[in-house]
Novice: 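My questions will all concern the structure given below.
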Amino acid sequence: KNQVEQSPQSLIILEGKNCTLQCNYTVSPFSNLRWYKQDTGRGPVSLTIMTFSENTKSNGRYTATLDADTKQSSLHITASQLSDSASYICVVSDSNAGNMLTFGGGTRLMVKP
Amino acid sequence: ETGVTQTPRHLVMGMTNKKSLKCEQHLGHNAMYWYKQSAKKPLELMFVYNFKEQTENNSVPSRFSPECPNSSHLFLHLHTLQPEDSALYLCASSQENQGGYGYTFGSGTRLTVV
């Protein structure tokens with residue numbers, strides 16, 4: 001069964017600090033992995049998407065890494081801002097399942113002043 | 001604005017009411033989806049439409065009835081809901097068979113059943 005596990009479930013950091021969120025998956029055969037940011041009460045917004053051949057991708061202060069061998073991904077946030085407070089969701093696509101996605105449970109990040 | 005528009009943003013309804021959620025996408029996609037997101041739970045896929053045909057129904061109770069009149073519009077008709085149906089309902093669209101590329105969510109409808 002395809003699964004995506006994220007850790008930690010929640011995280012509190014001070015403004016200006018860096019943090020790293022983790023994602024482990026068992027989706028196979030792998031197609032792509034993306035990280036979404038979801039503000040409270042809003043829809044998820046895509047931050048990055050990576051295929052099998054990509055092992056790092058950046059979007060401003062967000063940098064995602066992918067290790068397809070160990071089936072792990074991380075999202076690193078640099079110099080955090082208050083507006084980074086949100087849930088971050090790891091989503092993996094199965095190349096045999098058309099557009100079906102497997103969602104992680106998310107990491108809830110709170111950035112405090 | 002993501003290109004996927006959901007209305008209304010908030011909805012409060014009684015258990016005997018009938019209401020509808022609307023989703024419209026302006027991205028030229030041919031697949032549309034309804035998701036339910038309850039508090040502190042992962043997104044749950046409810047329905048999938050490819051080229052206006054329903055291709056997935058994840059054991060959703062019949063009190064939720066989807067309708068897809070064309071590839072740009074998707075509705076979720078609600079009737080005799082229960083308080084546990086209170087959640088954020090998200091619509092998404094994508095281009096079929098692109099493995100999740102271009103998968104775009106709307107801002108959601110926050111539904112409260114009283």
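Proteins come first, then strands; the chains are lettered A, B, ... in the order of their sequence lines, and each starts at number 1.
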Novice: Should the ring pair B:Phe105 and B:Tyr103 be called parallel, tilted or perpendicular, given that the plane angle runs from 0 to 90° and is split at 30 and 60?
Specialist: tilted

Novice: Can you say whether B:Gln37 sits under 4.5 Å from chain A via the side chain, the backbone, both, or neither, judging by heavy atoms?
Specialist: side chain

Novice: Between A:Ser73 and A:Trp35, is there a side-chain donor-acceptor contact under 3.5 Å, judged purely by atom types and distance?
Specialist: yes

Novice: Between B:Tyr35 and A:Phe103, does the ring centroid distance fall short of 6.0 Å?
Specialist: yes

Novice: Let me know if B:Val4 has heavy atoms under 4.5 Å from chain A in its side chain, its backbone, both or neither.
Specialist: neither

Novice: Please state whether the side chain, the backbone, both or neither of A:Gln9 comes within less than 4.5 Å of a heavy atom of chain B.
Specialist: neither

Novice: Under 6.0 Å between ring centres, would you say that holds for A:Phe30 and A:Tyr25?
Specialist: yes

